[in-house]
Amino acid sequence: MIFSIIIAFVVGGLICVVGQLLFDVAKLTPAHTLSLLVVIGSVLDGLGLYEPFIDFAGAGATIPIMSFGNSLTHGALAEAEKHGLIGVLTGMFEVTSSGISAAIVFGVIAALIFKSKGKVS
Amino acid sequence: MKKLWFISCVLLLVGGCSERPQVTSYHVEDNQQELEKLEEFIADQEKISEGSAVFFDHELVVTIQVKPLSKFSKEKITKSFEKEVKSLFPDHKVFVSSDLKISWELKKIIEEQPEKDKVKKDLDKLQALSKEAT
Amino acid sequence: MKNARTYQFASKPSIVSTAVAVGPLEKQSPFLPHFDLVYDDERFGQETNEKGHAYLIEETCKLAIMKGGFQTTDIDLFLAGDLVNQMTPTNFAARELATPFMGMFSACATSISTLITASFFLETNHMERILFGSASQHNAIERQFRYPIEYGAQKPPTGQWTVTGGGFGVLSHYQSDKPYVHSATIGQVVDCELKDPLDMGSAMAAAAFDTIQFHLSQNKGTSYDFVMTGDLGKTGSAILKELIRTSGVSSYFVDQYRDAGAEFYGNNDKLLSGASGAGCSATVYYGPIYAELLKKQWKKVLLVATGALLSPLSFQQGESIPCIAHAVELSMD
Amino acid sequence: MDAKTYQQTVDQLAPKRPVLKNCLTAFLTGGIICGIGQIISFMYMYFFPFTERTSSNPTVATMVFIAMVLTGLGIYKKIGQFGGAGSAVPVTGFGNAVVSAAIEHKSEGFILGVGGNIFKLAGSVIVYGVFSAFVVALIKTILVQVGVINW
């Protein structure tokens, strides 16, 4: 179990280093960087590589935003396998996406309780 | 210094995993011959660190833990393992899982060594759980 | 004629009173003793950041009017601006003040562009007292130009921190015991094709150099106690120094050069390159600098406020950052 | 002034982004976030009926919840300044983008402000996630039906 945590740490950390290089060297904005990573995630799943990657790295592969692309593609592919081409469209949100629904729910809750503060430490 | 400590830690963990797999098992009908046959087979697997098995009324439920560095091909390893176990026990309904949760639950059953009815119920629950989609 | 950019005011319009207000973070500024109003709430007790921004402008203006011994009805014109969309905080403050009003936008250079315009109005002798200045409120500006306040985007070392604060003054006819506007140079828009919105100091330094160079060429032989730019920050002021050194405009000048943005928060590394915003130059110029001039500590200073004339829209459409700098020479007899 | 020579002066004098240090802090921050995620997913497996596969959903939701609390308390932006991509790339960064936009636009009301702007920053991630998933799945499905590859 400790070994799994270490692998998640190292793999997750390395993905973030790629993101940092996209920020600092390629001078991309956060929105560009994250969109790019999501697209990479869905392409990797199309090649059948992302699921083995999750088997290997656990949270190191599911926590980075790339896994969004993976789960969307995975849902579309699973449905397409059953129902053919039309499944591509209907299956997209079948498997996912707790991240999106959680973000919406918690976003509205946060708007109810919190106010923004502009202070720096 | 910190790095050195980290590297040695990793080496230790990797080294610790290269031993032969540990096997626990339980046969409800107490057929020692079948048990040994399976335990020997699991012990010979190179990419597996742990295996558990329960025999029950011509049903065989096996869970395995793939070694961390082989986990990338976990699905393939599990599939080929399942095939081989099936050919070893052709008259059994074989179920194999490499999931950590399923493995924990199976070990609980092995530890408790419950009565026939309960084993049946527990094993059914286990298989249903593992079939849940993401 | 190109020389019309620089003008010497024969009537010597004087800044008869000023007032400066800041928010809570600005307490760490070395200029703190010269701030009239220091608020503990960055929203100034208002519901929204924008309302707080308007309140800040209104209160500072009222104080500037009061310190001069006037009433709001004595003000012939209110000339001001800020950085929020359509300058609503200033517009709303003007609604409360109920004076004749004209909004001006020169980004962070509004502090000086309003003073220059006010000086021209006074030169015509038609008006007697003009209220001028500018302000900014960190949260409102940050959201306008960048991200929501709580978004965890990393700022590079060239990033600057928008000041919560405002500085306003009343300009009137010459009074011998008050600092007066000796001359001014109106800036040209300079665009060196820089595109990084997190490094505005570098972009603005070119405009500051252009204006300073022109002003010095028209006022040869004048000696200044110092030249101070508004909000180039540590990055931009280093570049301006280098530009001046290599161009040889005045080697003497480099020692006498200061930047309000770089000095504003002292040596706090967390605020990266330093302060910026329309409130940065306004609070420093009309707070500490005005006070020292009044005490005759200094006799002649050149104040150059710089502004980056971009919007989030122009940045997203891939446009570079056009910049401007306006200069005013304040003197004390 | 010539834009090229000016750019050179800026490149010389403006402080560089400390890429190496940023990468290190991004690695640490991102690694710790993923490590915490792994621990949480173990907890879901241990105490609840979730398998390795199914535990990732409640884990992601929990991480977004943590991001909400940290964002609301004003802590996440400090982590962001330290960690850079390390706190932006994990799903907590997605949560931070959504939650910070929601809090910020509360002043315009819950429908036009919160509702209309909640995906102001994170929207592009969803848009291009869905669109690329569509394209990838479409290509793969067609390839399978033509018989070039198998599922």
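Residue numbering restarts at 1 for every chain, and letters A, B, ... go by the order of the sequence lines. Computed from a predicted structure; not experimentally measured.
Between the NZ atom in D:Lys78 and the NZ atom in C:Lys270 there is a gap of 8.0 Å [rounded to 0.5 Å]. Separation of atoms CG (C:Leu240) and CG (D:Leu13) is listed at 11.0 Å; rounding is to 0.5 Å. From D:Glu104, atom CD reaches atom CG of C:Asn49 across 6.5 Å, with rounding to the nearest 0.5 Å.
Not a single donor-acceptor pair under 3.5 Å links the side chain of C:Tyr147 to the backbone N or O of D:Ala97.
Residues of residues 118-130 of chain D placed with any heavy atom under 4.5 Å of a heavy atom in chain C are listed by number as D:Leu121.
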Can D:Lys106 and C:Glu150 be said to form a salt bridge (Lys or Arg N to Asp or Glu O under 4.0 Å), step by step?
CA-CA 13 Å; D:Lys106 186 185 177 179; C:Glu150 299 298 341; over 6 Å; no
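For C:Thr48, the part lying under 4.5 angstrom from a heavy atom of chain D is the side chain only. Neither the backbone nor the side chain of D:Asn117 comes within contact range of chain C, judged by heavy atoms closer than 4.5 Å. With a threshold of 4.5 angstrom between heavy atoms, C:Ala205 approaches chain D through its backbone and through its side chain.
When D:Gly84, D:Pro18, D:Gly93, D:Ser107 are compared by the number of non-hydrogen pairs under 4.5 Å with chain C, D:Gly84 comes out ahead. Among D:Ala85, D:Ala14, D:Gly80, the residue with the largest count of heavy-atom pairs under 4.5 Å with chain C is D:Gly80.
Pairing each heavy atom of D:Asn96 with each of C:Gly152, the nearest pair is OD1-N, 2.9 Å. The minimum heavy-atom distance linking D:Lys16 with C:Pro157 is given by the pair O-CG, 3.5 Å. Minimum heavy-atom separation, D:Gly83 to C:Gln154: C-NE2, 4.5 Å.
With a 4.5 Å cut-off on side-chain heavy atoms, C:Glu193 and D:Lys4 do not count as touching. Taking 4.5 Å as the limit, every side-chain heavy atom of C:Ile149 sits out of range of all side-chain heavy atoms of D:Ser100. Counting only heavy atoms from C-beta outward, the side chains of D:Thr9 and C:Thr246 never approach each other to under 4.5 Å.
Among the candidates C:Thr235, C:Asp199, C:Leu272, the single residue satisfying the side chain to side chain contact (heavy atoms under 4.5 Å, CB included) test with D:Pro15 is C:Thr235.
With respect to the salt-bridge test (charged N to carboxylate O, under 4.0 angstrom), the residues D:Lys77 and C:Glu142 do not qualify.
Environment of CZ in D:Phe65: sparse, with no more than 12 heavy atoms of neighbouring residues, nucleotides or ligands closer than 6.0 Å. Atom CD1 of D:Ile149 has more than 12 neighbouring heavy atoms from other residues, nucleotides or ligands inside a 6.0 Å radius. D:Phe131 CZ: 12 or fewer foreign heavy atoms inside a 6.0 Å radius. Heavy-atom contacts from other residues, nucleotides or ligands closer than 6.0 Å to CG of D:Asp11 number more than 12. Taking a 6.0 Å sphere around NZ of C:Lys241, one finds it holds 12 or fewer heavy atoms contributed by other residues, nucleotides or ligands. With a 6.0 Å radius and a threshold of 12 heavy atoms from other residues, nucleotides or ligands, D:Phe48 has its CZ atom at or below the threshold.
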